[in-house]
Structures are given as structure tokens and as C-alpha cells.
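The sequence lines fix the lettering, A, B, ..., with proteins before strands; numbering per chain opens at 1. These figures come from a predicted structure and were not determined experimentally.
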Protein chains: 2
Amino acid sequence: MNKKVTFSDIAKYTNVSKMTVSRYFNDPGSLTPETKGKIEKALKELNYKSNKVAKILANGRSEFIGIIIPELFFDYYSQVLNEILTTYNDFNYKFLVFAGNHDQELEKKYIEELLAYQVEGLIILSYTLPSEVLKEYNIPIVTIEREDQYVTSINTNNYLGAQLAAEHLIQDQCDILININSFVRENVPAYDRIRGFEDTCRQNQIPCKIIQKNFKNDYDVTYELLDSVYQHLESEYSNKRKGVFLSNDNYANIFLNILIKNKKQIPEEYEIIGFDNTISKESIIPITTVAQNIQKIARSAVEELKEQIESKDSEKKSEIRHVIIDPQLIIRGTTGKNSYTAE
Amino acid sequence: MNKKVTFSDIAKYTNVSKMTVSRYFNDPGSLTPETKGKIEKALKELNYKSNKVAKILANGRSEFIGIIIPELFFDYYSQVLNEILTTYNDFNYKFLVFAGNHDQELEKKYIEELLAYQVEGLIILSYTLPSEVLKEYNIPIVTIEREDQYVTSINTNNYLGAQLAAEHLIQDQCDILININSFVRENVPAYDRIRGFEDTCRQNQIPCKIIQKNFKNDYDVTYELLDSVYQHLESEYSNKRKGVFLSNDNYANIFLNILIKNKKQIPEEYEIIGFDNTISKESIIPITTVAQNIQKIARSAVEELKEQIESKDSEKKSEIRHVIIDPQLIIRGTTGKNSYTAE
DNA sequence: TTGTACGCGTTATCAT
DNA sequence: ATGATAACGCGTACAA
């Protein structure tokens, strides 16, 4: 390892100034082929390795973007992070990633740390800090699928997703439509899954029931809660065709398992639709689900951030924007009267 | 945002030198309470924000660790990444993360980029670059669950995992033990799942069959391949009690679904054991599985890296180490004659 | 096309 | 306990 080779070393070796070496990288067109060749040779022979930290200090552009996710045990976050990381190939931003673990104080600390490293922007998937607080950091920010009143955001068109689900269940002639959800606040995007579902039922004059439970991030708790929901539905709507829309694939999968164990006919007695298109395909009956366009969400997030970062330079203050990405209904075996087979 | 507040600004404001301001952060014990107070006040009043990029350039310690994962669609990688990120709270390393997407050239490029940002070490989960190549970068490196001959690594005790699985199936009086695997090379840790399985069968004089298929990262392909395996097992071992050990939970789940659809009795006719403890719990029958101790794997990786980083300073060259973490068998509904119920 | 001088914000070193 | 000065490695601005 010894000492690092710098522009000065290359400059001495080639009898040019270090500015010329710098230009070799940043403005090669301005060099004669000769000097270019000399420098190229020297770089190889001295085994030069660039130091971007010095570059940041000199020109102020870190090309860092900070990401704060709640965690990676939930497939949705993993997939979004995966797609964000992949944008490196097109946008060249480097990503410093923190897992907030649902802890507000921790997340504040993480943001301070990210700012210290001169990140040019933040992508926030965690939800503990209100957007009003986020905006105060005065740095380009994009949030994804969370409360977003005061900041630019990318969200799925949850309303449309719920609408597609409800319409599909109605078309399949379900007698009663049920939405199973956790207690989401009205100001988060996911609440539109309830609004869209209710509105669609009302417009089609189909009975509709919203069931909200205090789901934890725990399989057994979720199982118990959904089992009680099942009992309730059985007693309440015994001889009706039930169309059930759950707020994510994990819930949908567990609910499906409960139905199967109780020997229910699917999709004859129950139709099921999940959300997120994560594990739904791997269920005992592949589950119809609303798929978010995660790649588009991720790319849009980086694009919006890039725009903010660049408009910051040119003094045009960019307005807050809320980008909405349409989801897609993926029809599988838990809906459609003739589809009780695997794909 | 205006101009950034620096140590110089604080120094002028308080009539001390910027060195004293620096000491306020790095060696506060050496300051008098008075100056400490003055500086503290100035930091608040001028709203100072630290710049760690300048700090890196000055002292050479970035506190960055680079991570290269193949992708995040596979739960195992997500969980490992999650646990690595969480070590920030104890070790204070910041993580620059790249998704290699199984592309060797891309990964080389990513490593160069990471080196340019002065990362102090690398954690490699991707497998495209041989450890012989990795070692040549001459920087602290730890690999996780991949070929590791020339570098320090953290791996699960795959041999033990397979042994636990085989012993459990034998104890449950299976007549024939089957291991379903992809074509893994003999020099990757996962190959020990085959070795451990075979050895245990041999020692117990139980018939054993290793089936390797060319699994892709695709549900439908995997389904077809496992369906053909099922057909094969049915014709070959029709009235024997079959104990099947699959190399991950996804395969185990799909195989289980195939058995259920064919109305096989589980665990009477087939016993199933998966690996990784990811989706096994959410299957129609919760699947017995070998759980890797992911938290320990992640922490060990960071600890080993830290040791390498620190011993690098003190000129003691640290030896290559291969740390082995024991997994644990989690018994659920797909094994054990009396356990055909959910947990 | 190439060079000079200086600055980026911090720490290291040697003084006092 | 505090300060002066020189790094760290690169880019900007202006000059030649």
C-alpha cells in the first residue's frame, strides 16, 4: 500500500502540471494526444487510484444519496432498495444506506450523519419523521409511500389499486366485499386503499365492509387476528360469496392458509386479492394481487431527486411534487370462477 | 443554506484558533470549561454542521465499509444486509451498498468506485469474483457464504445443518433420504450441505439420493423442475417413507405445494426440511427448516473487518480466518409423525 | 493547450 | 491549555 499516488506524482513523472493531469479526467478534449498518452502511461505505471474524497472537498459534489429504510424484513422495502441501488448504472449516485428500525431518534441521528458526509439528497422510506420535520433539513428529499405533505414524494396510485381489486371482485359476482387493513392514518398513501375500495363498492351498490386490526410485525399475532376475522365472516356472511382484499401479500397468504385449513372452496366461496406481488405467487394457490411498479417508483425517486439537486445549483427553486405511479392487477388462482388451478 | 459554517468561523466568533475548535470534538478533556462553553455556544448560535469529508481527507479514516450483494430479491441477502446495517449502532461504520446483479464486470467497477471513496474494508456477498482476485485489492475483506480460499470469511456450518436435517429425518424413520440441490461447486460453503447429508446417511446406513437440478431464479422453472423430481420420486420410491431436504425454503415451499396438490399426506408419506428459515413459516404447512444465525453472521463479518482494519494500522498483518457459525434446526409441521398441525 | 496560485474543511505536528 | 503552519488530494479561476 505505501503512500498513495496522487496527481502530483503523475505530474512530476510526466513533466506536466497536476492541472493537466486533472484535465485528463475532467476535460480530456483539451489535451494534445501526446500529453494524453504520456499521462495514460504514467497512470498505469504508477498504478494511480483516484481519490473521490478529495474531489468532493474541492468541488462540493459528493454524488452521495442517503437512504433511510425502516428495515429489510419486509419484501417491499428490499425490492425498492434493490431498484434504487440499480439506478447507479444510469445516474452514478452512490448510496449510503441506513436501517431506521422504526426508531425516530435513531433516524434523526442517521440524517445528521448523512449530512456530515455531504450527501446531495435523501430518499426516505421510513415513516417516523413527519414531512414537516424533513423539509426543515433544507436538502433535496424524496419520500416513498409515506406521509408526504411538505416534501416531494413518489407513491403508488393506491386508490386505483383498490379500485381494480374491488371491480375485479364485483365482476366475479361476489356478494359482499371485505377489506382487511391495519389502522393506517388518513394522511398516508395506503389509506387510499380503503377509500378506493369503499368508493368503488358504493358506486356499484355492493355491500362493503372495512375491517381494521392492530397487526404487528409478527406471524403468530397476524395469524390469530386473521383467524378471528375468518370466524367473524363465517358467522356474519355464511352463505354469501365473499371477496376479500387484504392490504399486503403476507396477510393474504395467511388468510388463504386459514381458508384452506377450514376446507373452504376458493375461489367459489371466497375470492382473495393481496397487495405488493411479493409472496403471493408462491402460495398454495397463487394469489391474485395488486403489483406496484417498483422499478418505476425507484427510478422516479432518483430522477426527482436529481432534478432537485440540479435546480438547486441554478437557483430555480423546484416546487414540491407528488408523483403517482399506477399499479397493476395480476390475476391468479384466488379469483375468477374458472381459475382454481395453478398458473 | 448559504455558505457553510466551518471551524474558522467558530474560531473567529470565539477568539480561539480552529485547532481548539477541533479539539472540542476530538479531545474535549484538554480544554478549560470556559473555552468549552464558549465554543459550545458558538456552535449553536452559528448552527455549525460537521463536514466528515474534510475529516477523511485530513486523517485518512473514512469509516466507510463497502458492501456488494448480488441482489435483494432473495430474502437471505436482505436479511444479512439488514443485520449488517444495524451494526452501525455499535461499530459506527457507514455502509456504501452496491447490488452486483450477478455481473462480474459491474462488480469490478463497483469495487473501484468504493476504493475511490476510501472505504476501509469490503463485505462481499456476491460470488462472481474469485477470492484470489479479491485478495489482490489489498484491502480488508470479508466474504459471506461464498468461495473464500484466499480471504477471511464468515460461513454457516452447512455440514452441521445438513447433518441435523438428515438425523431428524432418520429419527422420524424415513426409509429413503433425498437431498434436492442446485449444481453447486465443491469449493463453495453450500456444498457441505451435500457432504453432511451423504455422510450422515452413510453413517446411519440409510439409503440416500442426491438430486441436482439446474434451478434458475424463476418460479415457474423451479416449479417444473421440482414437479419432475416429484414424479421421479413417486415412481422410484412409491411405497417408501420419503425424507426430503431442500437447499432453501423457496424450493421447499414449492415442493410442499406440489405434494399438497397431489394429495400426499405430510408428514406421513413425505417429510420436508428447508433451509434459511425465510418463508418456511408462512407455508400452508409450516416447514421444518435449518435456520442460519444471520445476526451473528453479520456481526462477525463487521467484527472481523474491524480487526483487519485496525491491525493494518499497527503493521501486524492479520491472518486469513474462516469463521463458522452454527445453524439451528427449527422443527415445524412437515416433519415428526405427530405434528400434522400448524404451530 | 498548459500552468500558477489558491481554496475546500479538517487534522497532524510542533511550538509556546 | 492553546496556537501557527503545513498537510490531505483535488478543482476553480485566472493567466499565459
Side-chain angles (χ1 to χ4, degrees), chain A residues 1-40 42-43 46-64 112-113 115-120 313, chain B residues 1-40 42-43 46-64 94 113 115-120 313:
Chain A
M1 299 299 280
N2 319 332
K3 268 176 267 171
K4 312 229 165 171
V5 180
T6 73
F7 281 6
S8 293
D9 300 317
I10 305 294
K12 275 177 211 157
Y13 193 83
T14 54
N15 288 315
V16 300
S17 75
K18 55 179 191 173
M19 258 325 293
T20 307
V21 181
S22 174
R23 278 190 264 265
Y24 173 86
F25 290 101
N26 300 317
D27 186 15
S30 73
L31 301 191
T32 64
E34 298 166 86
T35 48
K36 229 191 287 196
K38 272 199 300 185
I39 292 175
E40 186 173 355
L43 291 171
L46 300 187
N47 189 27
Y48 172 78
K49 300 282 180 192
S50 78
N51 183 336
K52 296 220 180 170
V53 171
K55 184 170 179 167
I56 299 172
L57 190 61
N59 74 4
R61 320 201 72 256
S62 67
E63 297 180 317
F64 283 147
E112 290 299 335
E113 184 82 332
L115 295 177
Y117 281 97
Q118 313 302 108
V119 295
E120 298 194 46
D313 296 344
Chain B
M1 300 300 281
N2 318 332
K3 269 176 268 172
K4 311 227 167 173
V5 179
T6 74
F7 281 7
S8 291
D9 301 317
I10 304 295
K12 276 177 211 154
Y13 194 83
T14 54
N15 288 316
V16 299
S17 76
K18 53 182 188 175
M19 257 325 292
T20 306
V21 180
S22 174
R23 278 191 262 264
Y24 172 87
F25 289 102
N26 299 314
D27 186 15
S30 73
L31 301 191
T32 63
E34 296 165 89
T35 49
K36 230 189 290 195
K38 272 199 300 187
I39 293 175
E40 185 173 354
L43 291 171
L46 300 187
N47 189 27
Y48 170 79
K49 301 281 181 193
S50 79
N51 182 336
K52 296 221 181 173
V53 170
K55 183 170 180 169
I56 299 173
L57 188 61
N59 74 3
R61 320 201 71 254
S62 68
E63 297 180 316
F64 283 146
K94 273 64 70 175
E113 184 82 332
L115 294 177
Y117 281 98
Q118 313 302 105
V119 295
E120 298 194 45
D313 295 344

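Taking atom CZ on B/Phe7 and atom P on D/dG3, their separation rounds to 14 Å, with Å as the unit. In this structure, A/Lys55 atom NZ and C/dG9 atom C1' are separated by 19 Å, rounded to whole Å. A/Ile10 places its CD1 atom 13 Å from the C1' atom of D/dC10, with the value rounded to the nearest Å. For the pair B/Lys49 NZ and C/dC8 C1', the interatomic distance rounds to 20 Å; values are reported in whole Å. Separating the OH atom of B/Tyr117 from the P atom of D/dC10 is a distance of 13 Å, rounded to the nearest angstrom. Distance NZ (B/Lys4) to P (C/dG7): 19 Å, rounded to an integer number of Å. The distance from atom OH of B/Tyr24 to atom P of C/dT11 is 14 Å, rounded to the nearest whole Å. Atom-to-atom, CZ of A/Phe25 to C1' of D/dG11 comes out at 13 Å; the value is rounded to the nearest Å.
If you check every strand for non-hydrogen atoms under 4.0 Å, B/Thr35 touches sugar and phosphate atoms only. Counting non-hydrogen atoms under 4.0 angstrom, B/Asn15 reaches the backbone sugars and phosphates but no base.
Nearest nucleotide to the A/Met19 side chain, out of D/dA4, C/dG3, C/dT11: C/dG3. The side chain of A/Leu31 lies closest to C/dT2, out of D/dG11, C/dG9, C/dT2. Among the nucleotides C/dT13, D/dG11, D/dC8, the one closest to the side chain of B/Leu57 is D/dC8.
Counting distance only, with no hydrogens placed and no angle test, the side-chain atoms of A/Arg23 and the base atoms of D/dG11 include no donor-acceptor pair under 3.5 Å. Evaluation of atom-type donor-acceptor distances gives no pair under 3.5 Å for the side chain of B/Lys52 against the base of C/dT10.
An OP1 or OP2 oxygen of D/dG9 is reached within less than 4.0 angstrom by no side-chain nitrogen or oxygen of A/Ser8. The phosphate of C/dT10 (OP1 or OP2) has a side-chain N or O of B/Tyr48 nearer than 4.0 angstrom. Put simply, B/Thr20 has a side-chain N or O that comes within less than 4.0 Å of OP1 or OP2 on D/dG3. OP1 or OP2 of D/dG11 lies within a sub-4.0 Å distance of a side-chain N or O belonging to A/Ser22. Between A/Ser50 and D/dG9 there is no side-chain N or O to OP1 or OP2 distance below 4.0 Å. Not one side-chain nitrogen or oxygen of A/Asn51 sits closer than 4.0 Å to the OP1 or OP2 atom of D/dC8. The side chain of B/Thr6 contributes no N or O atom lying less than 4.0 Å from OP1 or OP2 of C/dG9.
For A/Thr20 (side chain) and A/Val16 (main-chain N/O), no donor-acceptor pair under 3.5 Å exists by modelled atom type. When atom types are taken as modelled, the side chain of A/Lys52 and the backbone of B/Tyr117 share no donor-acceptor pair closer than 3.5 angstrom. Formation of a donor-acceptor pair under 3.5 Å by the B/Glu120 side chain with backbone atoms of B/Ser62 is found in this model.
Ring planes of B/Phe25 and B/Tyr48: tilted class, angle from 30 to 60°.
To the nearest 0.5 Å, the span separating CG on A/Leu31 from OH on A/Tyr24 amounts to 9.0 Å. Taken from NZ in B/Lys49 to CG in A/Leu115, the straight-line distance is 6.5 Å, to the nearest 0.5 Å.
Both B/Val5 and A/Ser30 lie near DNA chain C, and the one whose nearest nucleotide falls closer to the 5' end is A/Ser30. Along DNA chain D, the nucleotide closest to B/Val16 and the one closest to B/Asn59 are compared, and the more 5′ of them pairs with B/Val16.
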